[in-house]
J.: 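Sending over a structure as structure tokens; questions will come in a sec.
Scope of the values below: all heavy atoms of this structure, side chains included, with no hydrogens, waters or symmetry mates. Reminder, nothing fancy here: chain letters follow the sequence lines and each chain counts from 1.
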There are 2 protein chains.
Amino acid sequence: MERKPTEVRQEEIRKAVLQIIDSEGLHNLSTRKLAEKVGVTEGALFRHFKSKRDMLLSIIDGVEDVLMKSLQSVAMSDAPSSERLFKFLCVHVQYLIENKGITMLLFSEAAHSNDSELKSRMLNVLNTQKQLAKKIIQDGIAGGEWDSSLQVENVATLYMGIPISLNIELVLNPLGVNTENFCKRMMCLLERALRKTK
Amino acid sequence: MERKPTEVRQEEIRKAVLQIIDSEGLHNLSTRKLAEKVGVTEGALFRHFKSKRDMLLSIIDGVEDVLMKSLQSVAMSDAPSSERLFKFLCVHVQYLIENKGITMLLFSEAAHSNDSELKSRMLNVLNTQKQLAKKIIQDGIAGGEWDSSLQVENVATLYMGIPISLNIELVLNPLGVNTENFCKRMMCLLERALRKTK
DNA sequence: TTGACTCGTAAGTGATTACTTGCTAAGTTA
DNA sequence: TAACTTAGCAAGTAATCACTTACGAGTCAA
């Protein structure tokens with residue numbers, strides 16, 4: 001029976017939640033499995049979070065504090081647009097790789113949660129990601145880097161599929177995905193789509 | 001108490017399963033909700049499928065028989081590659097719009113199911129989609145339509161994100177997505193990425 | 001030393017899960 | 001019409017769900 005301060009256990013629980021979602025899916029996330037993974041009894045979990053829902057909300061807090069702030073600062077920087085877009089994609093993908101359950105949690109809860117606070121916060125994260133991507137693309141077009149006949153909205157829609165493409169890759173090919181180069185390979189295609197028609 | 005032949009009820013049940021997955025997610029698909037939606041008791045469901053698992057397997061049967069066969073025939077046709085790719089995307093997207101729970105079911109079960117038959121069939125569907133897309137792209141490059149410096153694999157990865165981008169759009173913007181033009185808008189960007197660098 | 005506080009356990013709680021049982025009436029065939 | 005099959009119902013089942021309760025043991029300040 002190992003005792004740890006509540007902040008440490010909370011972090012362990014959040015990590016375990018994401019691990020279970022990543023490996024078994026949200027519908028297999030039970031407090032029993034979670035307790036087993038953390039190495040405590042079910043009762044102990046509720047010492048640190050008042051409900052399962054609160055664990056998920058705490059995870060979103062982390063996404064907003066870490067990922068969204070980074071994305072925001074990249075999108076608002078004054079680097080050239082193509083550099084910004086690449087950096088944006090890298091930060092985005094890196095975070096999803098290091099926090100593997102997030103993609104499914106975000107996507108699944110944004111679409112299907114019957115908890116309106118949870119749902120709206122998930123939707124907000126997705127929507128903000130898209131708006132930031134749009135800003136970069138818009139800047140690149142206005143600044144003459146990219147083709148002015150492009151529709152910003154469409155490029156942003158295409159962009160939003162990319163992080164999930166990575167998840168599909170990892171599922172189809174769990175061993176051999178080159179996550180290092182993933183961003184470069186996708187950025188190369190985005191650049192081709194964005195460049196000016198001469 | 002309305003009696004219907006088992007084939008009719010089976011189809012009603014499959015539709016109801018997908019409706020629930022689409023609107024509330026796989027983790028909210030219970031036999032209770034399902035029975036309510038179909039308009040029978042829970043017991044009656046098990047007259048037509050021997051388990052909940054069997055309902056999902058029957059849905060995959062449909063995906064393989066209808067969607068995959070159509071995609072196959074489009075990919076193998078002798079039309080120009082850009083026409084084939086557009087048709088491929090249209091057939092793909094059209095099916096997902098008409099069977100709205102499929103995307104989440106495919107994606108979620110392929111990644112997370114602990115049922116190995118279910119999982120491998122879902123993976124097979126995703127993998128086949130990607131392989132067919134690769135064939136079209138490869139043909140277009142070999143035939144001189146598209147740029148020979150492109151990596152087929154990367155374009156196919158990008159392609160696989162597009163149907164899910166549609167889902168994200170529908171979630172972010174449940175009323176106002178122009179699904180009519182979605183394929184055209186995405187195809188336009190794909191064409192830009194694929195065209196030759198002069 | 002005592003008393004408060006914190007983090008843990010074991011053993012519950014009622015609700016919900018997928019699924020089964022025993023029965024009945026409608027439809028079909030002999 | 002009688003016999004059989006099919007598709008429905010109401011009322012169960014054990015298992016699992018998220019969560020609670022009552023209690024104990026370590027830490028630390030007064």
J.: Distance check needed: dC19(C) C1' versus K50(B) NZ, whole Å only.
T.: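 One finds 13 Å between C1' of dC19(C) and NZ of K50(B), rounded.
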
J.: If you take any heavy atom closer than 4.0 Å to DNA chain C, which residues from residues 8-36 of chain A end up in contact?
T.: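 Residues of residues 8-36 of chain A that come under 4.0 Å of DNA chain C are, in numerical order, R9(A).
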
J.: Starting at CE of M55(B) and ending at C1' of dC19(C), how long is that distance when rounded to a whole Å?
T.: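 Answer to the nearest Å: 10 Å.
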
J.: Got a sec, which pairs hit salt bridge (charged side-chain N to carboxylate O under 4.0 Å, His left out) with one end in residues 71-98 of chain A, sequence neighbours left out?
T.: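 Every salt bridge (charged side-chain N to carboxylate O under 4.0 Å, His left out) pair that includes a residue of residues 71-98 of chain A, provided the two are not neighbours, is R84(A)-D139(A).
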
J.: Could you list the protein-to-nucleotides 4-6 of chain C atom pairs, N/O on both sides, closer than 3.5 Å?
T.:
{"residue": "dT6(C)", "atom": "O2", "partner": "R3(A)", "partner atom": "NH1", "Å": "3.2"}
{"residue": "dT6(C)", "atom": "O2", "partner": "R3(A)", "partner atom": "NH2", "Å": "2.7"}

J.: Quick test of your reading: applying salt bridge (charged side-chain N to carboxylate O under 4.0 Å, His left out), list the pairs with at least one residue in residues 143-169 of chain B, sequence neighbours left out, ordered by first then second residue.
T.: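 For residues 143-169 of chain B: K130(A)-E169(B), R192(A)-D147(B), K130(B)-E153(B), K134(B)-E153(B).
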
J.: Identify, with sequence neighbours excluded, every residue that meets side chain to side chain contact (heavy atoms under 4.5 Å, CB included) alongside C188(A).
T.: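 Partners of C188(A) by the side chain to side chain contact (heavy atoms under 4.5 Å, CB included) criterion come out as none, since no residue qualifies.
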
J.: Is there a donor and acceptor pair closer than 3.5 Å between the side chain of E42(B) and the base of dC19(C)?
T.: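 It does, because a donor-acceptor pair links the side chain of E42(B) to the base of dC19(C) below 3.5 Å.
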
J.: Send over the distance from E2(B) CD to dA25(C) P, rounded to a whole Å.
T.: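 Rounding to the nearest Å, CD of E2(B) and P of dA25(C) are 18 Å apart.
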
J.: Taking L67(B) as the starting point, is it possible to reach M76(B) by hopping between hydrophobic residues whose side chains are less than 4.5 Å apart?
T.: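 Yes, it is one cluster - the side chains of M76(B) and L67(B) are joined through contacts under 4.5 Å.
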
J.: Could you tell me whether A44(B) contacts a base, only the sugar-phosphate backbone, or nothing, with contacts defined as non-hydrogen atoms closer than 4.0 Å?
T.: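 The answer is sugar-phosphate, as A44(B) gets under 4.0 Å only of primed atoms, P, OP1 or OP2.
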
J.: Of all residues at least two apart in sequence or in a different chain, which pass the side chain to side chain contact (heavy atoms under 4.5 Å, CB included) check with V171(B)?
T.: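 Counting only residues at least two positions away or on another chain, V171(B) forms a side chain to side chain contact (heavy atoms under 4.5 Å, CB included) with A110(A), A111(A), L123(A).
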
J.: Could you tell me which residues satisfy ring-ring contact (aromatic ring centres under 6.0 Å, His included) with H92(A), sequence neighbours excluded, listed by chain and number?
T.: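 H92(A): ring-ring contact (aromatic ring centres under 6.0 Å, His included) contacts with Y159(A).
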
J.: Kindly state each residue pair satisfying side chain to side chain donor-acceptor pair (under 3.5 Å) with at least one member in residues 64-76 of chain A, sequence neighbours excluded.
T.: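 Listed once each, the pairs are E64(A)-R121(A).
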
J.: First and last nucleotide of DNA chain D in contact with chain A, 5' to 3', at under 4.0 Å to a heavy atom: what are they?
T.: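 That gives a stretch of dC17(D) to dA25(D).
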
J.: What residue pairs, at least two apart or across chains, pass salt bridge (charged side-chain N to carboxylate O under 4.0 Å, His left out) with a residue in residues 103-115 of chain A?
T.: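 The answer is R53(A)-D115(A).
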
J.: So which pairs with a foot in residues 7-17 of chain A pass side chain to side chain donor-acceptor pair (under 3.5 Å), sequence neighbours left out?
T.: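 Qualifying pairs: K4(A)-E12(A), R9(A)-E12(A), E11(A)-R14(A), R14(A)-S58(A).
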
J.: Any non-hydrogen side-chain atom of L105(A) less than 4.5 Å from a side-chain atom of V63(A)?
T.: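 Counting from C-beta outward, L105(A) and V63(A) never come under 4.5 Å.
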
J.: Reading DNA chain C from 5' onward, which residue's closest nucleotide shows up sooner: M1(B) or K52(B)?
T.: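 Its nearest nucleotide being more 5', the pick is K52(B).
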
J.: Under the rule for ring-ring contact (aromatic ring centres under 6.0 Å, His included), what residues qualify as partners of H112(A), not counting sequence neighbours?
T.: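 Residues passing ring-ring contact (aromatic ring centres under 6.0 Å, His included) with H112(A): none at all.
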
